[in-house]
Amino acid sequence: MMSKYKQVYEDIKKQIEEGKLQPNQELPTENELMAIYGYSKDTIRKALSLLELDGYIQKMRGRNSIVMEHGRTKNNYLSEIKTSDELNRDEHLDIKTQLDNLYIVQGEQELMDIFKVDDSVDFYRVSRSRLIDDERLEFELSYFDRRVVPYLNKEIAETSIYQYLENQLGLKITHSRREISFRYATQEEKDNMDLGDFNMVAVVTSLTYLSNGQLFQYGTISYRPDKFTFVTMAKR
């Protein structure tokens with residue numbers, strides 16, 4: 001059963017995404033939200049804090065919370081690890097995943113350095129395009145340590161690799177270290193993305209770990225720069 005604060009979070013989030021709450025509009029006061037939902041002030045505050053963390057609202061000292069602007073096709077929340085299926089469900093998107101290539105690589109020095117292994121270890125190299133409104137706007141290139149992920153196929157890659165790892169292999173994925181950069185598109189990105197007049201991409205590079213601290217995935221997701229925002233919250 002969903003926790004009380006998460007119910008409040010999901011309801012307010014839905015109102016923002018459906019346009020019932022507009023950018024720069026004030027939310028009701030905490031006391032008014034307590035009356036609306038019938039929950040304690042602590043529950044309401046936890047829901048508002050999560051909405052702020054995910055970039056939906058800004059809490060204002062001495063004022064009600066303000067709804068934040070959500071600008072482009074897809075907002076990427078840097079504090080979350082979500083699959084395309086989860087984004088489709090939670091953010092009301094229609095993302096389709098298309099496998100471009102899947103094969104095994106071994107002996108690549110960059111990967112050996114990143115994973116701190118020798119050339120006896122091999123990796124799945126998975127390249128996938130993601131279509132939003134039938135445009136290829138994302139290109140993902142991932143390397144999976146085959147000691148952890150011994151088997152992948154087209155069906156898994158086009159459905160959800162993470163769901164397979166968690167539900168079928170019983171792995172616990174806990175965190176990812178991410179860096180954002182902007183650079184010229186590679187030839188592979190040009191071939192597998194609908195870049196239009198753009199020759200540059202926004203790139204998120206990730207190192208993703210299991211609960212035991214083991215690195216199991218390294219990769220990049222490249223985005224057409226006019227269609228995405230990257231959302232996080234900074235506080236002083």
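Keep in mind the model is a prediction, meaning the values are calculated, not measured.
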Engineer: Can a donor-acceptor pair be found, under 3.5 Å and without considering hydrogens, that links the side chain of Arg128 to the backbone of Leu141?
Structural biologist: no
Engineer: Is it true that Arg183 and Glu189 make a salt bridge, defined as a side-chain N closer than 4.0 Å to a carboxylate O?
Structural biologist: yes
Engineer: Scan side-chain atoms only and decide if Glu188 and Thr186 contain a donor-acceptor pair under the 3.5 Å cut-off.
Structural biologist: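 Note: Glu188 and Thr186 side chains miss the donor-acceptor criterion.
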Engineer: Check the pair Met193, Val201 against side-chain contact (heavy atoms from CB on, under 4.5 Å), reporting the backbone distance first and the verdict last.
Structural biologist: CA-CA 10 Å; Met193 298 177 71; Val201 288; 4.2 Å; yes
Engineer: With a 4.5 Å heavy-atom cut-off, do Tyr37 and Ile44 have their side chains touching?
Structural biologist: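 Answer yes - side chains close enough.
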Engineer: Taking Lys172 first and then Glu166, would you say they form a salt bridge - that is, a charged N and a carboxylate O separated by under 4.0 Å?
Structural biologist: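 Salt bridge: no.
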Engineer: List the residues meeting side-chain contact (heavy atoms from CB on, under 4.5 Å) with Gln214, not counting sequence neighbours, and say none if there are none.
Structural biologist: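 Per chain and number, Gln214 pairs via side-chain contact (heavy atoms from CB on, under 4.5 Å) with Asp145, Arg147, Val148, Leu210, Asn212.
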Engineer: Decide yes or no for Ile66 and Gln25: does some side-chain heavy atom of the first lie under 4.5 Å from some side-chain heavy atom of the second?
Structural biologist: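 Contact flag for Ile66/Gln25 side chains = no.
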Engineer: Does the side chain of Gln217 come under 3.5 Å of the side chain of Tyr162 through a donor N or O and an acceptor N or O?
Structural biologist: yes
Engineer: I'd like to check Glu140 versus Arg130 (side-chain heavy atoms, cut-off strictly below 4.5 Å). Are they in contact?
Structural biologist: yes
Engineer: Apply side-chain contact (heavy atoms from CB on, under 4.5 Å) to the pair Ile132 and Phe228, showing each step before the final yes or no.
Structural biologist: CA-CA 11 Å; Ile132 303 177; Phe228 299 90; 4.2 Å; yes
Engineer: Please confirm whether the backbone N or O of Asn192 pairs with a side-chain atom of Ser129, one donor and one acceptor, at under 3.5 Å?
Structural biologist: yes
Engineer: Count I, L, V, M, F, W, Y as connected when their side-chain heavy atoms are under 4.5 Å apart, and connections chain through other members. Are Phe115 and Leu171 then in the same cluster?
Structural biologist: no
Engineer: For Met112 and Asp118, work out which heavy atoms get closest and say how close.
Structural biologist: SD-C, 3.5 Å
Engineer: So Tyr223 and Val204, do their side chains get closer than 4.5 Å, heavy atoms only?
Structural biologist: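 Contact flag for Val204/Tyr223 side chains = yes.
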Engineer: side-chain contact (heavy atoms from CB on, under 4.5 Å), that's the test. Do Tyr218 and Ser142 meet it? Break it down for me.
Structural biologist: CA-CA 6 Å; Tyr218 161 73; Ser142 290; over 6 Å; no
Engineer: Below 30° counts as parallel, above 60° as perpendicular, anything between as tilted: where do the rings of Tyr151 and Tyr164 land?
Structural biologist: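 Perpendicular.
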Engineer: Dump the intermediate steps for side-chain hydrogen bond (donor to acceptor under 3.5 Å, both in side chains) on Tyr5 and Asp42, then the final yes or no.
Structural biologist: CA-CA 9 Å; Tyr5 81 90; Asp42 182 60; over 6 Å; no
Engineer: Where the side chain of Glu108 meets the backbone of Val105, is there a donor-acceptor pair that is under 3.5 Å apart?
Structural biologist: no
Engineer: I'd like to know whether Ile114 forms a side-chain contact (heavy atoms from CB on, under 4.5 Å) with Leu207, so could you lay out the CA-CA distance, the side-chain angles of the two residues, the decisive distance to 0.1 Å, and finally the verdict.
Structural biologist: CA-CA 9 Å; Ile114 290 169; Leu207 298 167; 3.7 Å; yes
Engineer: How about Thr97 and Glu158: does a side-chain donor come under 3.5 Å of a side-chain acceptor?
Structural biologist: no
Engineer: Regarding Arg146 and the six-membered ring of Tyr124, is the cationic atom NZ or CZ under 6.0 Å from the ring centre and inside 45° of its axis?
Structural biologist: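 Judged by the rule, Arg146 and Tyr124 form a cation-pi pair.
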Engineer: Mind checking the OG1-CZ spacing from Thr205 to Arg177? Nearest 0.5 Å is all I need.
Structural biologist: 9.5 Å
Engineer: Do you see a donor-acceptor pair shorter than 3.5 Å between the side chains of Tyr39 and Gln7?
Structural biologist: yes
Engineer: Taking atom types as modelled, find out whether Asp100 and Gln98 have a side-chain donor-acceptor pair closer than 3.5 angstrom.
Structural biologist: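 Distance-only check passes for Asp100 and Gln98.
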Engineer: So, using side-chain contact (heavy atoms from CB on, under 4.5 Å) as the criterion, who are the partners of Asn31 when residues are at least two apart?
Structural biologist: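 For Asn31, the residues satisfying side-chain contact (heavy atoms from CB on, under 4.5 Å) (neighbours in sequence not counted) are Thr29, Met34, Lys41.
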Engineer: Are Ile57 and Leu21 connected in a single hydrophobic cluster, I mean Ile/Leu/Val/Met/Phe/Trp/Tyr linked by side-chain heavy atoms less than 4.5 Å apart?
Structural biologist: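 Yes, Leu21 and Ile57 fall within the same hydrophobic cluster.
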Engineer: Working to the nearest 0.5 angstrom, can you tell me the gap between Leu99 CG and Asn153 CG?
Structural biologist: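 Taking CG in Leu99 and CG in Asn153, the distance rounds to 9.5 Å.
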Engineer: Linking I/L/V/M/F/W/Y whenever their side-chain heavy atoms sit closer than 4.5 Å, directly or via other members, would Leu169 and Leu102 fall into one cluster?
Structural biologist: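 Cluster IDs for Leu169 and Leu102 match.
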Engineer: Leu50 and Leu33: same hydrophobic cluster, using ILVMFWY side-chain contacts below 4.5 Å?
Structural biologist: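 Yes: a chain of side-chain contacts under 4.5 Å links Leu50 to Leu33.
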Engineer: As an exercise, state the distance from OG of Ser65 to CZ of Arg45, rounded to the nearest 0.5 Å.
Structural biologist: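 These two atoms lie 10.5 Å from each other.
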Engineer: Could you tell me whether the side chain of Glu17 reaches within less than 4.5 Å of the side chain of Tyr56, counting heavy atoms only?
Structural biologist: yes
Engineer: Would you give the length of the straight line joining atom OG of Ser211 to atom NE2 of His175, rounded to the nearest 0.5 angstrom?
Structural biologist: 9.5 Å
Engineer: Can you check whether Ser49's main-chain N or O pairs, donor with acceptor, with Glu52's side chain at less than 3.5 Å?
Structural biologist: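 Between the backbone of Ser49 and the side chain of Glu52 there is no qualifying donor-acceptor contact (under 3.5 Å).
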Engineer: Any non-hydrogen side-chain atom of Val149 less than 4.5 Å from a side-chain atom of Leu165?
Structural biologist: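 Result yes, sub-4.5 Å side-chain heavy-atom pair found.
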Engineer: What's the separation between atom CG in Leu27 and atom CG in Leu48, rounded to the nearest 0.5 Å?
Structural biologist: 6.5 Å
Engineer: For the side chain of Gln106 and the backbone of Asp119, is there at least one donor-acceptor N/O pair under 3.5 Å apart?
Structural biologist: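 Such a contact is found between Gln106 side chain and Asp119 backbone.
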Engineer: Compare all side-chain heavy atoms of Ile221 with those of Ser206 and state whether any distance is below 4.5 angstrom.
Structural biologist: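 Of all side-chain heavy-atom pairs linking Ser206 with Ile221, none is under 4.5 Å.
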Engineer: Can you tell me if CD on Gln187 sees more than 12 non-hydrogen neighbours from other groups inside 6.0 Å?
Structural biologist: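 More than 12 heavy atoms, drawn from other residues, nucleotides or ligands, come within 6.0 Å of this atom.
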Engineer: Any link between Phe144 and Phe123 through a network of hydrophobic side chains (Ile, Leu, Val, Met, Phe, Trp, Tyr) touching at under 4.5 Å?
Structural biologist: no
Engineer: Between Ser222 and Val203, is there a donor-acceptor pair closer than 3.5 Å when you use the side chain of the first and the backbone of the second?
Structural biologist: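 No, because the side chain of Ser222 does not come within donor-acceptor range (under 3.5 Å) of the backbone of Val203.
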Engineer: Report yes if some heavy atom in the side chain of Ser127 is under 4.5 Å from a heavy atom in the side chain of Phe139; otherwise report no.
Structural biologist: yes
Engineer: Would you say the side-chain atoms of Arg178 pair up with the backbone N or O of Thr208, donor to acceptor, closer than 3.5 Å?
Structural biologist: no
Engineer: Supply the atom-to-atom distance Glu138 CD to Asp194 CG, rounded to the nearest 0.5 angstrom.
Structural biologist: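 With rounding to 0.5 Å, CD (Glu138) is 12.5 Å from CG (Asp194).
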Engineer: Can we say Arg224 and Asp226 salt-bridge, meaning some charged N sits less than 4.0 Å from an Asp/Glu carboxylate O?
Structural biologist: yes
